[in-house]
Amino acid sequence: MAKIKTRFAPSPTGYLHIGGARTALYSWLYARRHGGHFVLRIEDTDRERSTQESVNVILEGMSWLGLDYDEGPFYQTERFDRYRELTQRLLDEGLAYRCYCSKERLDALRQEQMANKQKPRYDGRCRDLTEPPEGAGEPVIRFRNPLDGEVVVEDRVRGRVVFRNSELDDLIIARADGTPTYNFTVVVDDMDMGITHVVRGDDHLNNTPRQVNLYRALGVEPPVFAHVPMILGEDGKRLSKRHGAVSVLQYRDQGYLPEAVLNYLVRLGWSHGDQEVFTLDEMVSLFDLEDINHSASTFNPQKLLWLNQQHIMRAEPAHVARYLAHHLGERDIDPADGPPLEAVVAAQQERAKTLVEMAENSLFFYRDPADYEPKAARKNLKPETEAALVRVRDLLSELEDWRPEAIHECVLKAAEVLELKLGKVAQPVRVAVSGGPVSPPIDQTLALLGKEATLRRIQAAIDWIDRQAAG
RNA sequence: UGGGAGGUCGUCUAACGGUAGGACGGCGGACUCUGGAUCCGCUGGUGGAGGUUCGAGUCCUCCCCUCCCAGCCA
(Lines give C-alpha, C1' and ligand atoms only; values in the text may rest on other atoms or scores of the structure.)
Protein backbone atom coordinates (compact mmCIF):
# COMPACT_ATOMS: atom_id res chain seq x y z
CA MET A 1 0.00 0.00 0.00
CA ALA A 2 1.37 3.38 -1.05
CA LYS A 3 1.84 6.10 1.44
CA ILE A 4 -1.20 8.34 1.73
CA LYS A 5 -0.64 11.67 0.01
CA THR A 6 -3.02 14.58 -0.26
CA ARG A 7 -2.61 18.02 -1.70
CA PHE A 8 -4.03 21.50 -1.68
CA ALA A 9 -3.83 23.20 -5.04
CA PRO A 10 -5.12 26.78 -5.02
CA SER A 11 -4.81 29.21 -7.91
CA PRO A 12 -3.13 32.47 -6.84
CA THR A 13 -5.80 34.85 -8.03
CA GLY A 14 -6.80 36.71 -4.91
CA TYR A 15 -6.83 35.56 -1.32
CA LEU A 16 -7.01 32.34 0.65
CA HIS A 17 -10.75 31.79 0.64
CA ILE A 18 -12.48 30.24 3.66
CA GLY A 19 -13.80 27.46 1.40
CA GLY A 20 -10.32 26.70 0.14
CA ALA A 21 -9.03 26.70 3.68
CA ARG A 22 -11.58 24.07 4.62
CA THR A 23 -10.51 21.90 1.68
CA ALA A 24 -6.91 22.36 2.73
CA LEU A 25 -7.82 21.47 6.32
CA TYR A 26 -9.63 18.28 5.34
CA SER A 27 -6.72 17.25 3.08
CA TRP A 28 -4.18 18.06 5.79
CA LEU A 29 -6.13 16.22 8.50
CA TYR A 30 -6.49 13.13 6.34
CA ALA A 31 -2.78 13.05 5.60
CA ARG A 32 -1.89 13.59 9.26
CA ARG A 33 -4.41 11.04 10.44
CA HIS A 34 -2.90 8.40 8.22
CA GLY A 35 0.76 9.23 8.63
CA GLY A 36 0.96 10.51 5.10
CA HIS A 37 2.25 13.58 3.25
CA PHE A 38 0.52 16.85 2.49
CA VAL A 39 1.57 18.70 -0.64
CA LEU A 40 1.10 22.35 -1.55
CA ARG A 41 0.84 23.10 -5.24
CA ILE A 42 0.19 26.49 -6.79
CA GLU A 43 -1.88 26.26 -9.97
CA ASP A 44 -0.75 29.41 -11.73
CA THR A 45 -1.35 28.57 -15.40
CA ASP A 46 -3.75 31.49 -15.76
CA ARG A 47 -0.99 33.99 -16.32
CA GLU A 48 -3.32 36.96 -16.54
CA ARG A 49 -4.85 36.57 -13.17
CA SER A 50 -2.08 34.92 -11.18
CA THR A 51 0.04 37.27 -9.07
CA GLN A 52 2.98 36.92 -6.75
CA GLU A 53 1.07 38.90 -4.18
CA SER A 54 -1.66 36.30 -4.17
CA VAL A 55 0.95 33.56 -3.82
CA ASN A 56 2.30 35.36 -0.78
CA VAL A 57 -1.16 35.66 0.73
CA ILE A 58 -1.78 31.95 0.29
CA LEU A 59 1.54 31.06 1.91
CA GLU A 60 0.90 33.49 4.77
CA GLY A 61 -2.59 32.15 5.31
CA MET A 62 -1.41 28.54 5.37
CA SER A 63 1.32 29.51 7.82
CA TRP A 64 -1.08 31.34 10.12
CA LEU A 65 -3.48 28.40 10.12
CA GLY A 66 -0.60 26.07 10.89
CA LEU A 67 -1.31 23.82 7.92
CA ASP A 68 2.28 22.84 7.28
CA TYR A 69 3.04 21.05 4.07
CA ASP A 70 5.60 18.31 3.59
CA GLU A 71 6.31 19.02 -0.06
CA GLY A 72 6.12 22.12 -2.17
CA PRO A 73 5.09 24.71 -2.89
CA PHE A 74 5.22 23.47 -6.49
CA TYR A 75 4.36 25.89 -9.28
CA GLN A 76 2.71 24.66 -12.45
CA THR A 77 4.40 27.36 -14.51
CA GLU A 78 7.67 25.65 -13.69
CA ARG A 79 6.48 22.39 -15.15
CA PHE A 80 5.54 23.41 -18.69
CA ASP A 81 8.16 21.15 -20.27
CA ARG A 82 6.60 18.17 -18.59
CA TYR A 83 3.11 19.00 -19.86
CA ARG A 84 4.49 19.48 -23.37
CA GLU A 85 6.23 16.15 -23.15
CA LEU A 86 3.05 14.30 -22.24
CA THR A 87 0.97 16.22 -24.76
CA GLN A 88 3.35 15.06 -27.44
CA ARG A 89 3.16 11.53 -26.17
CA LEU A 90 -0.60 11.50 -26.37
CA LEU A 91 -0.40 12.91 -29.91
CA ASP A 92 2.12 10.22 -30.88
CA GLU A 93 -0.13 7.52 -29.49
CA GLY A 94 -3.19 8.89 -31.27
CA LEU A 95 -4.85 9.66 -27.96
CA ALA A 96 -4.91 13.38 -28.72
CA TYR A 97 -5.31 15.42 -31.90
CA ARG A 98 -5.06 18.91 -33.28
CA CYS A 99 -8.22 20.94 -33.57
CA TYR A 100 -8.40 23.94 -35.87
CA CYS A 101 -11.86 25.23 -34.95
CA SER A 102 -12.12 28.93 -34.30
CA LYS A 103 -13.60 30.32 -31.11
CA GLU A 104 -16.32 31.86 -33.22
CA ARG A 105 -17.31 28.48 -34.62
CA LEU A 106 -17.38 26.97 -31.15
CA ASP A 107 -19.54 29.81 -29.82
CA ALA A 108 -22.01 29.39 -32.65
CA LEU A 109 -22.07 25.62 -32.09
CA ARG A 110 -22.83 26.16 -28.41
CA GLN A 111 -25.74 28.46 -29.14
CA GLU A 112 -27.16 26.17 -31.76
CA GLN A 113 -27.03 23.25 -29.37
CA MET A 114 -28.74 25.16 -26.61
CA ALA A 115 -31.46 26.16 -29.07
CA ASN A 116 -31.90 22.50 -29.92
CA LYS A 117 -32.11 21.56 -26.25
CA GLN A 118 -28.83 19.70 -26.40
CA LYS A 119 -25.88 19.86 -24.04
CA PRO A 120 -23.36 22.39 -25.34
CA ARG A 121 -20.15 20.55 -26.17
CA TYR A 122 -17.54 20.11 -28.91
CA ASP A 123 -18.88 18.05 -31.81
CA GLY A 124 -15.60 16.32 -32.74
CA ARG A 125 -15.27 17.99 -36.07
CA CYS A 126 -11.46 17.75 -36.25
CA ARG A 127 -11.27 14.42 -34.48
CA ASP A 128 -10.38 12.44 -37.58
CA LEU A 129 -8.58 15.05 -39.67
CA THR A 130 -5.43 13.85 -41.37
CA GLU A 131 -4.31 17.28 -42.61
CA PRO A 132 -4.88 20.86 -41.52
CA PRO A 133 -7.82 22.47 -43.28
CA GLU A 134 -7.16 25.29 -45.74
CA GLY A 135 -6.33 28.60 -44.20
CA ALA A 136 -6.04 27.01 -40.79
CA GLY A 137 -4.54 28.93 -37.90
CA GLU A 138 -2.70 27.54 -34.91
CA PRO A 139 -4.49 24.50 -33.54
CA VAL A 140 -5.34 23.64 -29.98
CA ILE A 141 -4.79 20.08 -28.85
CA ARG A 142 -7.75 18.01 -27.74
CA PHE A 143 -7.90 14.73 -25.89
CA ARG A 144 -9.53 11.89 -27.81
CA ASN A 145 -12.13 11.00 -25.20
CA PRO A 146 -13.69 7.52 -25.38
CA LEU A 147 -17.02 7.70 -27.19
CA ASP A 148 -18.90 5.04 -25.32
CA GLY A 149 -18.96 3.27 -22.01
CA GLU A 150 -19.06 4.77 -18.52
CA VAL A 151 -16.79 6.29 -15.96
CA VAL A 152 -17.63 5.08 -12.47
CA VAL A 153 -16.34 7.18 -9.60
CA GLU A 154 -16.48 5.68 -6.12
CA ASP A 155 -16.38 9.00 -4.35
CA ARG A 156 -15.54 8.89 -0.64
CA VAL A 157 -18.14 11.52 0.15
CA ARG A 158 -20.73 11.07 -2.60
CA GLY A 159 -20.61 7.36 -3.03
CA ARG A 160 -20.94 5.80 -6.46
CA VAL A 161 -21.36 8.33 -9.24
CA VAL A 162 -21.74 7.16 -12.84
CA PHE A 163 -21.03 9.30 -15.93
CA ARG A 164 -21.58 8.24 -19.53
CA ASN A 165 -18.81 8.98 -21.99
CA SER A 166 -21.47 9.94 -24.52
CA GLU A 167 -22.13 13.00 -22.34
CA LEU A 168 -18.50 14.16 -22.47
CA ASP A 169 -16.56 15.74 -25.28
CA ASP A 170 -12.93 16.00 -26.39
CA LEU A 171 -11.58 18.56 -23.95
CA ILE A 172 -8.76 20.92 -24.88
CA ILE A 173 -5.56 19.93 -23.11
CA ALA A 174 -3.29 22.57 -24.68
CA ARG A 175 -4.10 25.98 -26.09
CA ALA A 176 -2.88 27.30 -29.45
CA ASP A 177 -0.01 29.05 -27.68
CA GLY A 178 1.07 25.72 -26.21
CA THR A 179 0.08 26.40 -22.64
CA PRO A 180 -1.73 23.55 -20.92
CA THR A 181 -5.24 23.61 -19.48
CA TYR A 182 -6.50 22.78 -16.00
CA ASN A 183 -7.95 19.35 -16.53
CA PHE A 184 -4.70 18.19 -18.08
CA THR A 185 -2.26 19.77 -15.65
CA VAL A 186 -4.14 18.57 -12.61
CA VAL A 187 -3.95 14.99 -13.84
CA VAL A 188 -0.27 15.18 -14.79
CA ASP A 189 0.68 16.77 -11.47
CA ASP A 190 -1.34 14.41 -9.29
CA MET A 191 0.19 11.51 -11.23
CA ASP A 192 3.76 12.80 -10.99
CA MET A 193 3.42 13.76 -7.33
CA GLY A 194 1.90 10.43 -6.39
CA ILE A 195 -1.25 11.96 -4.95
CA THR A 196 -3.42 9.14 -3.56
CA HIS A 197 -6.43 11.16 -2.40
CA VAL A 198 -7.88 14.26 -4.02
CA VAL A 199 -10.06 16.23 -1.62
CA ARG A 200 -11.67 19.23 -3.33
CA GLY A 201 -14.90 21.13 -3.73
CA ASP A 202 -17.77 19.43 -5.47
CA ASP A 203 -17.79 22.07 -8.19
CA HIS A 204 -15.20 19.74 -9.71
CA LEU A 205 -17.29 16.61 -9.48
CA ASN A 206 -18.31 16.99 -13.11
CA ASN A 207 -14.69 17.37 -14.20
CA THR A 208 -13.85 14.02 -12.66
CA PRO A 209 -14.86 11.71 -15.52
CA ARG A 210 -12.77 13.75 -17.94
CA GLN A 211 -9.81 13.47 -15.63
CA VAL A 212 -10.30 9.77 -15.06
CA ASN A 213 -10.20 9.19 -18.82
CA LEU A 214 -6.94 11.15 -18.95
CA TYR A 215 -5.41 9.06 -16.16
CA ARG A 216 -6.34 5.94 -18.08
CA ALA A 217 -4.84 7.30 -21.29
CA LEU A 218 -1.62 8.08 -19.44
CA GLY A 219 -1.63 4.53 -18.16
CA VAL A 220 -2.11 5.11 -14.46
CA GLU A 221 -4.83 4.45 -11.92
CA PRO A 222 -6.71 7.56 -10.79
CA PRO A 223 -6.49 8.69 -7.16
CA VAL A 224 -9.35 8.33 -4.72
CA PHE A 225 -11.70 11.30 -4.92
CA ALA A 226 -13.59 13.02 -2.12
CA HIS A 227 -15.76 15.91 -3.27
CA VAL A 228 -16.71 18.27 -0.48
CA PRO A 229 -19.89 20.37 -0.66
CA MET A 230 -19.67 24.10 -1.19
CA ILE A 231 -19.90 26.71 1.51
CA LEU A 232 -22.79 29.09 0.83
CA GLY A 233 -23.74 32.54 1.97
CA GLU A 234 -27.01 33.30 3.75
CA ASP A 235 -28.80 33.65 0.41
CA GLY A 236 -27.82 30.14 -0.64
CA LYS A 237 -25.30 31.31 -3.20
CA ARG A 238 -21.60 30.51 -3.18
CA LEU A 239 -19.89 32.37 -0.35
CA SER A 240 -18.35 35.52 -1.70
CA LYS A 241 -17.10 38.91 -0.58
CA ARG A 242 -20.56 40.38 -0.72
CA HIS A 243 -21.51 38.08 2.17
CA GLY A 244 -18.76 39.45 4.39
CA ALA A 245 -15.24 38.40 5.26
CA VAL A 246 -14.18 35.37 3.22
CA SER A 247 -10.44 35.71 3.41
CA VAL A 248 -8.64 33.71 6.06
CA LEU A 249 -6.33 36.60 6.89
CA GLN A 250 -9.30 38.88 7.53
CA TYR A 251 -10.28 36.64 10.43
CA ARG A 252 -6.74 36.81 11.75
CA ASP A 253 -6.94 40.60 11.64
CA GLN A 254 -10.33 40.59 13.36
CA GLY A 255 -8.88 38.78 16.34
CA TYR A 256 -9.65 35.14 15.74
CA LEU A 257 -7.35 32.38 16.86
CA PRO A 258 -6.28 30.03 14.05
CA GLU A 259 -7.42 27.00 16.02
CA ALA A 260 -10.90 28.52 16.38
CA VAL A 261 -11.14 29.11 12.63
CA LEU A 262 -9.98 25.53 12.00
CA ASN A 263 -12.50 24.24 14.56
CA TYR A 264 -15.31 26.10 12.86
CA LEU A 265 -14.26 24.91 9.43
CA VAL A 266 -13.94 21.26 10.39
CA ARG A 267 -17.48 21.32 11.87
CA LEU A 268 -18.93 22.97 8.80
CA GLY A 269 -19.66 19.78 6.96
CA TRP A 270 -18.22 17.19 9.34
CA SER A 271 -19.05 16.07 12.83
CA HIS A 272 -18.22 13.64 15.57
CA GLY A 273 -21.35 13.05 17.59
CA ASP A 274 -22.47 16.18 19.40
CA GLN A 275 -19.01 17.53 20.07
CA GLU A 276 -18.56 21.17 19.11
CA VAL A 277 -15.18 22.24 20.46
CA PHE A 278 -12.16 20.33 19.18
CA THR A 279 -8.47 20.71 19.71
CA LEU A 280 -6.26 20.19 16.69
CA ASP A 281 -5.10 16.86 18.10
CA GLU A 282 -8.69 15.72 18.45
CA MET A 283 -9.40 16.70 14.87
CA VAL A 284 -6.40 14.75 13.66
CA SER A 285 -7.37 11.63 15.56
CA LEU A 286 -11.08 11.73 14.73
CA PHE A 287 -11.38 13.08 11.21
CA ASP A 288 -12.35 10.86 8.36
CA LEU A 289 -13.62 11.47 4.86
CA GLU A 290 -16.66 9.26 5.24
CA ASP A 291 -18.07 11.47 8.02
CA ILE A 292 -18.25 14.47 5.71
CA ASN A 293 -21.81 15.58 5.07
CA HIS A 294 -23.37 15.49 1.64
CA SER A 295 -25.16 18.81 1.56
CA ALA A 296 -23.81 22.30 1.19
CA SER A 297 -23.50 24.34 4.39
CA THR A 298 -24.19 27.97 5.11
CA PHE A 299 -21.47 30.03 6.75
CA ASN A 300 -22.48 31.20 10.23
CA PRO A 301 -20.30 34.05 11.59
CA GLN A 302 -22.02 33.96 14.98
CA LYS A 303 -21.05 30.39 15.64
CA LEU A 304 -17.50 31.10 14.56
CA LEU A 305 -17.44 33.97 17.05
CA TRP A 306 -18.73 31.70 19.81
CA LEU A 307 -16.07 29.11 19.01
CA ASN A 308 -13.39 31.79 19.08
CA GLN A 309 -14.58 32.78 22.53
CA GLN A 310 -14.44 29.16 23.67
CA HIS A 311 -10.90 28.73 22.38
CA ILE A 312 -9.70 31.97 23.97
CA MET A 313 -11.15 30.90 27.32
CA ARG A 314 -9.72 27.41 27.20
CA ALA A 315 -6.25 28.21 25.91
CA GLU A 316 -3.10 28.60 27.97
CA PRO A 317 -2.56 32.29 28.71
CA ALA A 318 0.93 32.11 27.24
CA HIS A 319 -0.52 30.88 23.95
CA VAL A 320 -3.06 33.67 23.71
CA ALA A 321 -0.47 36.22 24.82
CA ARG A 322 1.55 35.67 21.65
CA TYR A 323 -1.38 36.64 19.48
CA LEU A 324 -2.52 39.45 21.78
CA ALA A 325 0.93 41.03 21.63
CA HIS A 326 0.46 41.50 17.90
CA HIS A 327 -2.86 43.28 18.35
CA LEU A 328 -1.45 45.50 21.09
CA GLY A 329 1.46 46.30 18.82
CA GLU A 330 -1.03 47.45 16.19
CA ARG A 331 -2.17 49.99 18.76
CA ASP A 332 1.38 51.16 19.47
CA ILE A 333 1.43 49.37 22.80
CA ASP A 334 4.59 47.69 23.97
CA PRO A 335 3.53 44.85 26.32
CA ALA A 336 6.71 45.43 28.26
CA ASP A 337 5.29 48.79 29.39
CA GLY A 338 2.77 47.21 31.72
CA PRO A 339 1.92 44.14 33.75
CA PRO A 340 3.04 40.72 32.49
CA LEU A 341 1.10 39.97 29.34
CA GLU A 342 0.22 36.45 30.41
CA ALA A 343 -1.30 37.78 33.62
CA VAL A 344 -3.38 40.22 31.60
CA VAL A 345 -4.59 37.36 29.39
CA ALA A 346 -5.45 35.20 32.39
CA ALA A 347 -7.56 38.04 33.75
CA GLN A 348 -9.24 38.86 30.43
CA GLN A 349 -9.87 35.44 28.95
CA GLU A 350 -13.47 35.28 30.08
CA ARG A 351 -14.25 38.79 28.96
CA ALA A 352 -13.50 38.91 25.29
CA LYS A 353 -14.74 37.09 22.24
CA THR A 354 -11.89 38.21 20.01
CA LEU A 355 -8.31 39.25 20.44
CA VAL A 356 -9.16 42.67 19.04
CA GLU A 357 -11.70 43.12 21.82
CA MET A 358 -9.23 41.89 24.39
CA ALA A 359 -6.61 44.31 23.12
CA GLU A 360 -9.06 47.20 23.24
CA ASN A 361 -10.18 46.28 26.74
CA SER A 362 -6.62 45.90 27.95
CA LEU A 363 -5.29 49.24 26.82
CA PHE A 364 -5.88 50.76 30.24
CA PHE A 365 -3.27 48.42 31.71
CA TYR A 366 -0.65 50.11 29.56
CA ARG A 367 -1.64 53.72 29.44
CA ASP A 368 -4.00 56.04 31.25
CA PRO A 369 -7.48 56.17 29.71
CA ALA A 370 -7.87 59.23 27.52
CA ASP A 371 -11.42 59.68 28.81
CA TYR A 372 -14.28 57.90 30.59
CA GLU A 373 -17.05 56.05 28.80
CA PRO A 374 -19.87 58.63 29.06
CA LYS A 375 -22.64 56.43 30.37
CA ALA A 376 -20.41 54.73 32.89
CA ALA A 377 -19.10 58.08 34.06
CA ARG A 378 -22.59 59.49 34.46
CA LYS A 379 -23.54 56.56 36.62
CA ASN A 380 -20.41 56.11 38.65
CA LEU A 381 -18.34 59.27 38.78
CA LYS A 382 -20.54 61.74 40.60
CA PRO A 383 -20.56 63.58 43.92
CA GLU A 384 -22.40 60.69 45.60
CA THR A 385 -19.61 58.27 44.79
CA GLU A 386 -16.73 60.56 45.60
CA ALA A 387 -16.61 59.49 49.22
CA ALA A 388 -16.15 55.89 48.16
CA LEU A 389 -13.30 56.79 45.85
CA VAL A 390 -11.62 58.88 48.54
CA ARG A 391 -11.93 56.12 51.11
CA VAL A 392 -10.60 53.45 48.77
CA ARG A 393 -7.76 55.73 47.74
CA ASP A 394 -6.80 56.32 51.35
CA LEU A 395 -6.93 52.66 52.32
CA LEU A 396 -4.99 51.57 49.26
CA SER A 397 -2.33 54.23 49.72
CA GLU A 398 -1.45 52.60 53.04
CA LEU A 399 -1.41 49.11 51.61
CA GLU A 400 2.06 47.60 51.44
CA ASP A 401 1.10 44.15 50.25
CA TRP A 402 -0.14 44.85 46.70
CA ARG A 403 -1.92 41.55 46.02
CA PRO A 404 -5.51 40.77 45.06
CA GLU A 405 -6.48 39.41 48.48
CA ALA A 406 -5.26 42.43 50.35
CA ILE A 407 -6.74 44.81 47.82
CA HIS A 408 -10.08 43.09 48.12
CA GLU A 409 -9.98 43.61 51.88
CA CYS A 410 -9.47 47.35 51.41
CA VAL A 411 -12.41 47.62 49.02
CA LEU A 412 -14.58 45.55 51.36
CA LYS A 413 -13.53 47.71 54.30
CA ALA A 414 -14.40 50.90 52.47
CA ALA A 415 -17.85 49.44 51.71
CA GLU A 416 -18.35 48.52 55.36
CA VAL A 417 -17.32 51.88 56.69
CA LEU A 418 -19.53 53.72 54.23
CA GLU A 419 -22.33 51.20 54.69
CA LEU A 420 -22.51 50.58 51.00
CA LYS A 421 -22.86 47.40 48.99
CA LEU A 422 -19.64 46.24 47.47
CA GLY A 423 -20.80 47.12 44.01
CA LYS A 424 -21.36 50.75 44.96
CA VAL A 425 -17.69 51.00 45.82
CA ALA A 426 -16.14 48.67 43.28
CA GLN A 427 -17.83 50.07 40.22
CA PRO A 428 -16.72 53.71 40.69
CA VAL A 429 -13.20 52.41 41.24
CA ARG A 430 -13.44 50.32 38.10
CA VAL A 431 -14.58 53.24 35.98
CA ALA A 432 -11.89 55.43 37.52
CA VAL A 433 -9.00 53.14 36.69
CA SER A 434 -10.20 51.54 33.43
CA GLY A 435 -12.36 54.24 31.93
CA GLY A 436 -15.29 51.84 31.52
CA PRO A 437 -17.77 49.57 33.27
CA VAL A 438 -16.14 46.22 32.49
CA SER A 439 -12.84 44.83 33.61
CA PRO A 440 -11.56 41.76 35.41
CA PRO A 441 -12.53 41.49 39.10
CA ILE A 442 -11.64 44.70 40.83
CA ASP A 443 -8.95 43.14 43.04
CA GLN A 444 -7.24 41.53 40.05
CA THR A 445 -7.54 44.70 38.03
CA LEU A 446 -5.84 46.82 40.64
CA ALA A 447 -3.23 44.20 41.42
CA LEU A 448 -2.21 44.12 37.76
CA LEU A 449 -2.37 47.87 37.31
CA GLY A 450 -0.04 48.55 40.20
CA LYS A 451 -0.30 50.86 43.15
CA GLU A 452 1.04 54.00 41.59
CA ALA A 453 -1.24 54.00 38.58
CA THR A 454 -4.21 52.98 40.71
CA LEU A 455 -3.85 55.85 43.13
CA ARG A 456 -3.13 58.33 40.40
CA ARG A 457 -6.21 57.37 38.43
CA ILE A 458 -8.52 57.33 41.44
CA GLN A 459 -7.28 60.78 42.25
CA ALA A 460 -7.83 61.87 38.66
CA ALA A 461 -11.41 60.63 38.86
CA ILE A 462 -11.96 62.49 42.12
CA ASP A 463 -10.62 65.64 40.48
CA TRP A 464 -12.83 65.01 37.48
CA ILE A 465 -15.90 64.76 39.68
CA ASP A 466 -14.99 68.02 41.35
CA ARG A 467 -14.54 69.74 38.03
CA GLN A 468 -17.90 68.43 36.81
CA ALA A 469 -19.58 69.61 39.98
CA ALA A 470 -18.01 73.04 39.67
CA GLY A 471 -19.75 73.31 36.34
C1' U B 1 -31.55 23.41 -22.32
C1' G B 2 -28.50 18.82 -21.23
C1' G B 3 -25.88 16.39 -17.43
C1' G B 4 -24.31 15.84 -12.17
C1' A B 5 -25.17 16.52 -6.77
C1' G B 6 -28.26 17.69 -2.74
C1' G B 7 -32.93 18.77 0.68
C1' U B 8 -33.65 17.53 9.53
C1' C B 9 -35.29 23.57 14.17
C1' G B 10 -33.35 30.61 11.56
C1' U B 11 -27.78 28.31 11.14
C1' C B 12 -24.38 23.91 11.95
C1' U B 13 -25.20 18.99 12.97
C1' A B 14 -26.90 13.83 15.52
C1' A B 15 -30.51 9.77 15.10
C1' C B 16 -28.80 0.59 13.73
C1' G B 17 -36.01 0.98 9.71
C1' G B 18 -37.70 1.44 16.41
C1' U B 19 -37.94 7.76 21.87
C1' A B 20 -36.21 13.53 16.18
C1' G B 21 -31.42 15.04 20.20
C1' G B 22 -26.99 18.51 20.71
C1' A B 23 -24.68 23.28 19.65
C1' C B 24 -25.04 28.40 17.89
C1' G B 25 -28.73 32.18 17.55
C1' G B 26 -33.29 34.25 19.79
C1' C B 27 -36.49 34.91 24.42
C1' G B 28 -36.69 34.57 29.88
C1' G B 29 -34.69 33.56 34.82
C1' A B 30 -30.63 32.88 38.60
C1' C B 31 -25.90 34.52 40.13
C1' U B 32 -24.07 39.76 47.34
C1' C B 33 -18.01 43.96 42.30
C1' U B 34 -18.97 44.73 36.43
C1' G B 35 -20.36 40.77 33.52
C1' G B 36 -18.93 39.89 27.71
C1' A B 37 -18.09 34.20 32.35
C1' U B 38 -21.23 30.32 34.85
C1' C B 39 -25.98 27.74 35.82
C1' C B 40 -31.38 26.92 34.65
C1' G B 41 -35.69 27.23 31.52
C1' C B 42 -38.36 28.32 26.90
C1' U B 43 -38.54 28.68 21.63
C1' G B 44 -37.97 25.89 17.10
C1' G B 45 -37.43 21.04 12.43
C1' U B 46 -37.54 15.95 8.98
C1' G B 47 -39.76 20.33 1.28
C1' G B 48 -44.79 17.99 -0.64
C1' A B 49 -47.77 13.64 -2.13
C1' G B 50 -48.17 8.55 -2.58
C1' G B 51 -46.18 3.52 -1.65
C1' U B 52 -43.56 -0.61 1.15
C1' U B 53 -43.54 -1.97 6.48
C1' C B 54 -46.08 -3.75 12.84
C1' G B 55 -43.16 0.78 12.48
C1' A B 56 -39.83 5.59 7.89
C1' G B 57 -36.15 11.45 8.73
C1' U B 58 -34.07 6.60 7.21
C1' C B 59 -36.28 2.21 1.65
C1' C B 60 -39.23 3.04 -3.38
C1' U B 61 -42.00 6.42 -6.95
C1' C B 62 -43.61 11.16 -8.53
C1' C B 63 -43.65 16.44 -7.81
C1' C B 64 -41.25 20.90 -5.78
C1' C B 65 -36.91 23.65 -4.34
C1' U B 66 -31.46 24.53 -4.12
C1' C B 67 -26.40 24.05 -5.73
C1' C B 68 -22.66 22.62 -9.48
C1' C B 69 -20.63 21.60 -14.60
C1' A B 70 -21.18 22.52 -19.94
C1' G B 71 -14.13 29.19 -20.53
C1' C B 72 -8.87 27.74 -25.07
C1' C B 73 -10.56 30.27 -15.84
C1' A B 74 -9.31 27.01 -12.09
Side-chain angles (χ1 to χ4, degrees), chain A residues 9-11 13 43-46 48-50 76 99 101 103 106-107 110 113-122 140-142 155 157-159 161-164 166-169 171-177 179-183 185-186 200-210 227 229-230 232 234 236-238 264 267-277 293-307 309 313 348-353 357 361 376 380 408 411-412 415 421-431 434 436-443 445:
Chain A
S11 62
T13 54
E43 300 195 327
D44 52 352
T45 56
D46 182 349
E48 279 182 16
R49 288 193 281 186
S50 302
Q76 286 188 329
C99 171
C101 296
K103 282 184 182 168
L106 295 177
D107 285 342
R110 238 180 324 261
Q113 286 166 331
M114 290 282 274
N116 292 335
K117 300 196 176 187
Q118 297 167 321
K119 179 172 186 171
R121 60 200 184 104
Y122 180 58
V140 298
I141 302 184
R142 287 183 184 270
D155 191 277
V157 175
R158 302 305 183 169
V161 188
V162 182
F163 300 90
R164 303 159 69 109
S166 57
E167 289 291 334
L168 309 177
D169 64 359
L171 77 151
I172 294 168
I173 58 174
R175 305 178 185 98
D177 65 1
T179 57
T181 62
Y182 163 73
N183 278 307
T185 57
V186 74
R200 61 189 178 185
D202 68 1
D203 48 328
H204 286 292
L205 179 59
N206 295 303
N207 288 329
T208 308
R210 294 163 173 267
H227 287 94
M230 296 284 104
L232 311 176
E234 283 183 4
K237 307 294 183 186
R238 284 174 84 153
Y264 179 70
R267 280 286 287 112
L268 193 59
W270 173 90
S271 64
H272 180 73
D274 283 343
Q275 188 172 345
E276 292 288 345
V277 182
N293 281 336
H294 292 192
S295 56
S297 307
T298 305
F299 194 77
N300 185 339
Q302 286 154 322
K303 188 147 184 187
L304 169 57
L305 184 62
W306 175 80
L307 274 171
Q309 181 185 33
M313 284 193 295
Q348 293 277 37
Q349 272 174 301
E350 291 183 353
R351 295 171 162 66
K353 294 180 178 175
E357 195 177 313
N361 295 338
N380 292 289
H408 190 73
V411 179
L412 262 185
K421 289 198 169 197
L422 187 59
K424 293 296 178 182
V425 173
Q427 200 62 353
V429 172
R430 175 172 283 115
V431 175
S434 74
V438 178
S439 80
I442 198 65
D443 47 8
T445 298

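Proteins get letters first, then strands, A, B, ... in listed order; numbering begins at 1 in each.
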For [N] and [X] - does any side-chain N or O of the residue sit under 4.0 Å from the phosphate oxygens OP1/OP2?
| X | N | answer |
| --- | --- | --- |
| A:Asn293 | B:rU13 | yes |
| A:Ser439 | B:rU34 | no |
| A:Arg110 | B:rG71 | yes |
| A:Gln349 | B:rA37 | no |
| A:Ser295 | B:rA5 | no |

Would you mind telling me which of [options] lies closest to the side-chain atoms of [X]?
| X | options | value |
| --- | --- | --- |
| A:Asp202 | B:rG2, B:rG36, B:rA5 | B:rA5 |
| A:Pro441 | B:rC24, B:rA74, B:rC33 | B:rC33 |
| A:Pro120 | B:rU1, B:rC72, B:rU34 | B:rU1 |

Check your understanding: What is the nucleic acid contact for A:His408, judged by heavy atoms within less than 4.0 Å: base, sugar-phosphate only, or nothing?
Key -> nothing
Assigned partner base of [N], Watson-Crick or wobble definition, under 3.5 Å:
| N | answer |
| --- | --- |
| B:rU8 | none |
| B:rC31 | none |
| B:rU19 | none |

Check your understanding: What about A:Asn300: does its side chain form a donor-acceptor pair under 3.5 Å with the base of B:rC12?
Key -> no
Check your understanding: Any chance the side chains of A:Ser434 and A:Arg430 put a donor and an acceptor closer than 3.5 Å?
Key -> no
Review point. side-chain contact (heavy atoms from CB on, under 4.5 Å) between A:Leu106 and A:Arg121: does it pass, once the steps are laid out?
Key: CA-CA 9 Å; A:Leu106 295 177; A:Arg121 60 200 184 104; over 6 Å; no
